[in-house]
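Computed over heavy atoms, backbone and side chain alike; hydrogens, waters and symmetry mates excluded. Below, chain A is the first sequence line, B the second, and so on; all start at residue 1.
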2 protein chains.
Amino acid sequence: MKLKDSKTEEVILEAAKSVFMEFGLYGARMQQIADRAGINKALLHYYFRNKEKLFDRVFENALARYFQNMEVLLDESQPIIDRVHSYADRFIDFLSEYPQMAIFLIKEVSLNQALFEEKVNRHKKEKASLILVLNQGMQRGEIQPVDAMMFFVNLVSLCTYPFVARPIFKVVASKNGAQWDVNRNLALKESIHEFINNKIKPL
Amino acid sequence: MKLKDSKTEEVILEAAKSVFMEFGLYGARMQQIADRAGINKALLHYYFRNKEKLFDRVFENALARYFQNMEVLLDESQPIIDRVHSYADRFIDFLSEYPQMAIFLIKEVSLNQALFEEKVNRHKKEKASLILVLNQGMQRGEIQPVDAMMFFVNLVSLCTYPFVARPIFKVVASKNGAQWDVNRNLALKESIHEFINNKIKPL
DNA sequence: GTCTATACGCAGATAGAC
DNA sequence: GTCTATCTGCGTATAGAC
């Protein structure tokens, strides 16, 4: 029955999130986390015992947010194709707000796949899987038949990689007299909506 | 006039490449590079002075290979739309052979954008920019009008992210009774060709 | 050129005062 | 709970023998 969420603990978690997201597990420095939290290094260990455990907490939160996006898929009041459009929009909004999240996930997952798998399983209670919903939509004849897994991969790629590789795209853009900015999100969404319609919109 | 490429130097570079690609600049350990090269740690410093300089050499090679892909775009004997298809295919073949390359680039670029920009400039001699070629194609009426930068981002996303986020996709696939394997490359290519045709193929 | 041994610094973790 | 001071281990880098 612990009602007391220590203020300090929250501050630390917030600082840890920002540092871990920027530098990853191994790149992050406990000193920097302490600095951003405005406290001492030793206090980090007092609250979270060690770096891995602190990271775990941050990672857990990140994963929760990541999977939380999928819930829109379960809104039975909307036709499936609309849910897919919303899903893409939310995905991009999420990444706009936490641009480091994707690369943060990838970095650590690629270093420690087993850990990731274990953690994902803790979040799998939801049936809000795009692939599931797509298959459902195909059975009902609500959408065009597609390879659901491939569609999922394509869609997530279109949404995510612009954020993951933003530094690269910015360089390419400037070398070509083009723009690649946050304010291109709307155009990105439109482009993806077009993709979705081309692939699964009923004729 | 140095004709003599030291055998040891090559072996070290090969080992360094594999370790740096797997763990990144800061994650890589000189000891592990030495181990994979079958030599001693001190010898690394003898040949390359320090870790950063060794990394530089590897990074340089990676960038060269990365940009080398673009050359197919300049083959005037082919219609532009075919070049774009080839470009995508080559991109995927490249990433199949060096699956760590993309994430390797992203990791380090996101940590040190300035360095990346400087290095890219050293490779910019080529006019083989997809964006340039697209604009050319539009002027000639060879392809449908599109936002060239957005098309570039979409296309690169579709090609690259499946490799970058492979661990994640594998987990998702297995949780949904689907497959996500190297041997899905052909299907991935087909999917991307469809995207290209939808976007820019003349009616 | 290649090795062993070692110096050096950094970052995570702990001890212990307050 | 929060701090300062300190220990410890690891990883880069160097010295120096062969």
Side-chain angles (χ1 to χ4, degrees), chain A residues 1-62 100 104 107-108 110-112 115, chain B residues 1-62 100 104 107-108 110-112 115:
Chain A
M1 190 76 75
K2 72 161 189 279
L3 295 172
K4 164 167 152 338
D5 272 62
S6 159
K7 190 86 181 172
T8 308
E9 189 169 320
E10 279 174 49
V11 171
I12 291 174
L13 278 173
E14 199 54 40
K17 173 184 163 186
S18 91
V19 176
F20 278 134
M21 288 211 311
E22 198 168 341
F23 302 102
L25 171 54
Y26 301 108
R29 296 290 160 244
M30 294 296 266
Q31 184 60 59
Q32 192 170 10
I33 295 172
D35 289 348
R36 288 201 191 172
I39 51 119
N40 191 278
K41 235 187 358 170
L43 213 48
L44 297 179
H45 292 88
Y46 174 78
Y47 275 96
F48 297 94
R49 183 146 193 95
N50 62 37
K51 193 184 184 185
E52 258 72 19
K53 287 211 175 25
L54 175 56
F55 178 79
D56 249 40
R57 291 284 296 273
V58 173
F59 192 84
E60 206 59 41
N61 293 342
Q100 308 289 356
F104 163 75
K107 276 185 192 176
E108 306 314 327
S110 72
L111 284 174
N112 200 335
L115 181 71
Chain B
M1 193 75 77
K2 73 160 188 281
L3 294 174
K4 165 167 152 337
D5 272 61
S6 160
K7 189 88 182 171
T8 308
E9 189 168 321
E10 280 175 48
V11 171
I12 291 175
L13 278 173
E14 198 55 39
K17 173 183 162 187
S18 88
V19 175
F20 279 134
M21 288 212 310
E22 197 168 342
F23 301 102
L25 171 53
Y26 301 109
R29 297 289 160 242
M30 295 295 267
Q31 183 59 59
Q32 192 169 10
I33 295 173
D35 290 348
R36 288 202 191 171
I39 52 118
N40 189 277
K41 240 189 347 173
L43 214 48
L44 297 178
H45 292 89
Y46 174 79
Y47 275 96
F48 296 94
R49 182 145 194 95
N50 61 36
K51 192 184 183 183
E52 257 72 19
K53 288 211 174 25
L54 175 55
F55 178 78
D56 250 40
R57 290 284 296 273
V58 173
F59 193 84
E60 206 59 41
N61 293 343
Q100 308 288 357
F104 163 76
K107 275 186 192 176
E108 304 315 327
S110 73
L111 284 174
N112 201 335
L115 181 72

Nearest-angstrom distance from the residue atom NZ of A/Lys51 to P of C/dC10: 16 Å
Length of the line joining B/Glu10:CD and C/dG1:P, which is rounded to integer Å: 13 Å
For atom CZ of B/Phe55 and atom P of D/dA13, their distance in whole Å: 14 Å
Straight-line distance of A/Arg49 CZ to A/Leu54 CG, nearest 0.5 Å: 14.0 Å
Rounded distance in Å - CD1 (A/Ile33) to P (C/dA11): 12 Å
A/Thr8 side-chain N/O to D/dT2 phosphate OP1/OP2 under 4.0 Å: yes
Options C/dT4, C/dA11, C/dA13, nucleotide nearest the side-chain atoms of A/Arg29: C/dA11
Nearest-neighbour nucleotide for the A/Ile39 side chain, D/dT2, D/dA13, D/dC3 considered: D/dC3
Nearest to side-chain heavy atoms of B/Asn50, which nucleotide of D/dC3, C/dA13, D/dA13: D/dA13
Rounded distance in Å - CG (B/Leu44) to C1' (D/dT14): 14 Å
For atom CE of A/Met30 and atom C1' of D/dC7, their distance in whole Å: 16 Å
A/Leu44 vs A/Ile33, side-chain contact (heavy atoms from CB on, under 4.5 Å): CA-CA, chis, key distance, verdict: CA-CA 8 Å; A/Leu44 297 179; A/Ile33 295 172; 4.0 Å; yes
Student check: side-chain heavy atoms of B/Lys51 and B/Phe20 closer than 4.5 Å: yes
Residues in contact with DNA chain C, drawn from residues 12-27 of chain A - heavy-atom cutoff 4.0 Å: none
A/Arg49 vs C/dA13: side-chain N/O to OP1/OP2 distance below 4.0 Å: no
Residues which pass side-chain hydrogen bond (donor to acceptor under 3.5 Å, both in side chains) with A/Glu14, listed by chain and number, not counting sequence neighbours: none
Presence of A/His45 side-chain N/O under 4.0 Å of C/dA13 phosphate oxygens OP1/OP2: yes
Rounded interatomic separation in angstrom, taking CG from B/Asn40 and P from D/dG16: 17 Å
Among D/dG1, D/dT4, C/dC3, the nucleotide that comes nearest once only the side chain of A/Leu43 is considered: D/dG1
Atom-to-atom span, NZ of B/Lys41 to P of D/dA15 - whole angstrom: 15 Å
Candidate pair B/Val19 and B/Arg36, rule side-chain contact (heavy atoms from CB on, under 4.5 Å), full reasoning: CA-CA 8 Å; B/Val19 175; B/Arg36 288 202 191 171; 3.8 Å; yes
Nearest-0.5 Å distance that lies between atom CD in A/Gln31 and atom CG in A/Asp35: 4.5 Å
Sugar-phosphate, base or nothing in reach of B/Ala28, heavy atoms under 4.0 Å: sugar-phosphate
Trace of the ring pair (Phe, Tyr, Trp, His ring centres under 6.0 Å) decision for B/Tyr26 with A/Tyr26: CA-CA 8 Å; B/Tyr26 301 109; A/Tyr26 301 108; over 10 Å; no
Residue-phosphate contact under 4.0 Å: B/Tyr47 side-chain N/O, C/dT2 OP1/OP2: yes
